[in-house]
Amino acid sequence: MTIQCIARLRSRRVVQDQLEGSDTASAAVASGGGGSVCCWANLPHELLRDVLLRIEESETRWPQRRNVVACAGVCRSWRFAIKEIVQVPEISGKLTFPISVKQPGPKECLLQCFIKRNRSAQTYHLYLSLTNALTDDGKFLLAACKCRRPTCTDYIISLRAEDISKGSSTYVGKLRSNFLGTKFSVFDGQSSHAGAKMTKSRSSRLAYSKQVTPRVPFRNYPTAHISYELNMLGSRGPRRMQCIMDTIPTTSIRPGGVAPTPAEFSVNNVNVFPSIPSFHSKSASIKNILSEPLTHQKDGGALVLRNKSPRWHEQLQCWCLNFHGRVTVASVKNFQLVASPENGPAGPEHEKIILQFGKVGKDLFTMDYRYPISAFQAFAICLSSFDTKIACE
């Protein structure tokens, strides 16, 4: 039994990409058997698990990893088997299924991504880096579109590059700024815990989009708040920013700590990828943290991230940070975020870079993130750096 067998199988049940260039974003199964039971569904469980385990271990990078996605779309028994084998990004360091962009990144290393900006269309596309080079094509993950309003600016984030709207079934969340561009709020299209409160805004109503039939209800749950320090004196220097991650407890970065890990998308997104399995963590502690509001948990506080202070370089006459070769162009947008030791002594966990963002080209930026934040949260934070900040510069 080899991957060639899987290729023959896929002639009967084909996993079709729903997102442009992205197996991670969505997949749907089209049956060629006229509703008949797949002949591969009756394989002995031990044999099936062994086959799928070998495929999962051999296909570690995209685009080869699409074979793992294809296996999940064969039939129900294969889907359940894949759910048991494929681990969350926090453990495996891999983004495999659509829900991976909403789950915390790896604990042991930074997951390397990059953002491409289109100035004329005011869109931003997030890609997973396939190699260590800064020029690879990447694997599409998320897209965002900038929408200016009289008193604020919205960045709508979607799983699909060609369908970015709050009325779409691919809507993931949004970033909203105030008029000055000094304060931002990150809203998730689905709650990360049972006690989350939906914002009382027009976005909670039923929205209608030409791409969505029938009407799709969408909601916004606040998950993070970003603030940039006002520059009242007009002095030139690096920006100072702070991120309050409302849904992530401070204990998540300590030994044994856990961060909220969504198991599946909400009902809004079911029609986008009906055949893709969801992750279910075996950790009871994660289930507990998802079952109650953050404000009611024993840790009593949300994780706070702050930008790492750069050092002034006398020879270069500029502020510098060590991005380890991942950033090549000086820009006020460049930053590194670490956990802030709120009301306590700083420990080793406060030295680890959780998110770094920097410029490498005219419209090309790197974005590297790790546990406890997700790709979606990291992307939203980086989008705030693109917004014009009249009072901060």
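- Between the side chain of S165 and the backbone N or O of D163, no donor-acceptor pair lies under 3.5 Å.
- Under a 4.0 Å N-O distance rule, the pair K102/D188 qualifies as a salt bridge.
- Between N334 and G358, the shortest heavy-atom distance links the atoms OD1-CA, 3.2 Å.
- A donor-acceptor pair under 3.5 Å links the side-chain atoms of Y371 to the main chain of S252, judged by distance alone.
- Hydrophobic side-chain contacts under 4.5 Å tie F323 into a cluster, directly or through other members, with L321, V327.
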Apply side chain to side chain contact (heavy atoms under 4.5 Å, CB included) to Q242 and H225, showing your working.
CA-CA 8 Å; Q242 177 179 273; H225 292 85; over 6 Å; no
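- Here the two rings, on F187 and Y221, have centers that are 6.0 Å apart or farther.
- Ring centroids of F386 and Y124 are separated by less than 6.0 Å, placing the two rings close together.
- Checking side-chain atoms of S331 against main-chain N and O of K333 turns up a donor-acceptor pair under 3.5 Å.
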Does the pair E351 and K308 meet the rule for a salt bridge (Lys or Arg N to Asp or Glu O under 4.0 Å), with working shown?
CA-CA 9 Å; E351 298 298 323; K308 191 174 182 180; 5.4 Å; no
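- Atom-to-atom distance recorded for R49:CZ and L52:CG is 9.0 Å, nearest 0.5 angstrom.
- Rounding to the nearest 0.5 Å places CG of D137 at 9.0 Å from OG1 of T131.
- In this structure, the side chain of N307 engages the main chain of M241 through a donor-acceptor pair within 3.5 Å.
- Distance alone, capped at 3.5 Å, is enough to place a donor-acceptor pair between the R117 side chain and the K362 backbone.
- Put simply, L53 and F97 are part of the same group of oily side chains (I, L, V, M, F, W, Y) that touch within less than 4.5 Å, one to the next.
- Put simply, CZ on F184 and SG on C152 are 11.0 Å apart, with the number rounded to the nearest 0.5 Å.
- Nearest heavy atom pair, residue L305 against residue A339, reads CD2-CA, 3.9 Å.
- Sorted by first and then second residue, the salt bridge (Lys or Arg N to Asp or Glu O under 4.0 Å) pairs with a member in residues 368-383 read R326-D368; sequence neighbours excluded.
- In the displayed structure, K183 atom NZ is contacted under 6.0 Å by at most 12 heavy atoms of other residues, nucleotides or ligands.
- The CD atom of Q336 lies 11.0 Å from the OG atom of S309; values are rounded to the nearest 0.5 Å.
- Contact detail for I157 and F376: the closest heavy-atom pair is CD1-CE1, 3.7 Å.
- Checking side-chain atoms of S92 against main-chain N and O of Q87 turns up a donor-acceptor pair under 3.5 Å.
- With hydrogens and angles disregarded, a donor-acceptor distance shorter than 3.5 Å links the side chain of S58 to the backbone of I55.
- A distance of 7.5 Å separates OG in S77 from CG in N42, rounded to the nearest 0.5 Å.
- A donor-acceptor contact shorter than 3.5 Å links the side chain of R61 to the backbone of L130.
- The nearest pair of heavy atoms linking K174 to N220 is CE-ND2, 3.6 Å.
- A heavy-atom distance below 4.5 Å is found between the side chains of C147 and I156.
- Here the side chains of T261 and E90 are in contact, with some heavy-atom distance below 4.5 Å.
- Under 3.5 Å, the side chains of S158 and T170 contain a donor-acceptor pair of N or O atoms.
- Salt-bridge check for E59 with R54: failed, with every basic side-chain N at 4.0 Å or more from each acidic carboxylate O.
- Shown here for C71 and W78, the closest heavy-atom pair between the two residues is O-CB, 3.4 Å.
- Proximity of N178 to T151: side-chain heavy atoms (C-beta onward) are nowhere separated by under 4.5 Å.
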Give the C-alpha distance, both sets of side-chain angles, the deciding distance and a yes or no for ring pair (Phe, Tyr, Trp, His ring centres under 6.0 Å) between F365 and F114.
CA-CA 6 Å; F365 303 80; F114 61 90; over 10 Å; no
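- Across L48 and A81, no two heavy atoms sit closer than the pair CD2-CB, 4.2 Å.
- Using a 4.5 Å cut-off between side-chain heavy atoms of Ile, Leu, Val, Met, Phe, Trp and Tyr, with links allowed through other members, V338 and I381 fall into different hydrophobic clusters.
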Go through the steps for R119 and D363 under the test side chain to side chain contact (heavy atoms under 4.5 Å, CB included), then give the verdict.
CA-CA 8 Å; R119 291 174 180 265; D363 293 303; 2.8 Å; yes
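- Under the 6.0 Å cut-off for aromatic ring centres, F379 and Y155 do not qualify, their centroids lying 6.0 Å or more apart.
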Check the pair F335 / S385 against side chain to side chain contact (heavy atoms under 4.5 Å, CB included), numbers first and verdict last.
CA-CA 9 Å; F335 66 80; S385 188; 3.9 Å; yes
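- If you take CD1 on I373 and CD on Q103, they are separated by 14.5 Å, rounding to the nearest 0.5 Å.
- L303 places none of its side-chain heavy atoms less than 4.5 Å from the side chain of T251.
- Contact of the S227 side chain with the T182 side chain is not registered, since no non-hydrogen atoms from C-beta on lie closer than 4.5 Å.
- Two different hydrophobic clusters hold L110 and I115 under the rule that ILVMFWY side chains link at heavy-atom gaps under 4.5 Å.
- Judged by distance alone, the side chains of T96 and R65 do bring a donor and an acceptor atom under 3.5 Å apart.
- Under a hydrophobic clustering in which Ile, Leu, Val, Met, Phe, Trp and Tyr are joined whenever their side-chain heavy atoms come within less than 4.5 Å, directly or via other members, I353 and M367 fall into different clusters.
- Residues P222 and S185 form no side-chain contact, since every pair of their non-hydrogen atoms from C-beta on lies 4.5 Å or further apart.
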Go through the steps for M245 and T223 under the test side chain to side chain contact (heavy atoms under 4.5 Å, CB included), then give the verdict.
CA-CA 6 Å; M245 311 304 297; T223 61; over 6 Å; no
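- Between the N322 side chain and the H324 main chain, a donor and an acceptor come within less than 3.5 Å of each other.
- The backbone N or O of Y369 lies less than 3.5 Å from no partner atom in the side chain of Q112, so there is not a single donor-acceptor pair.
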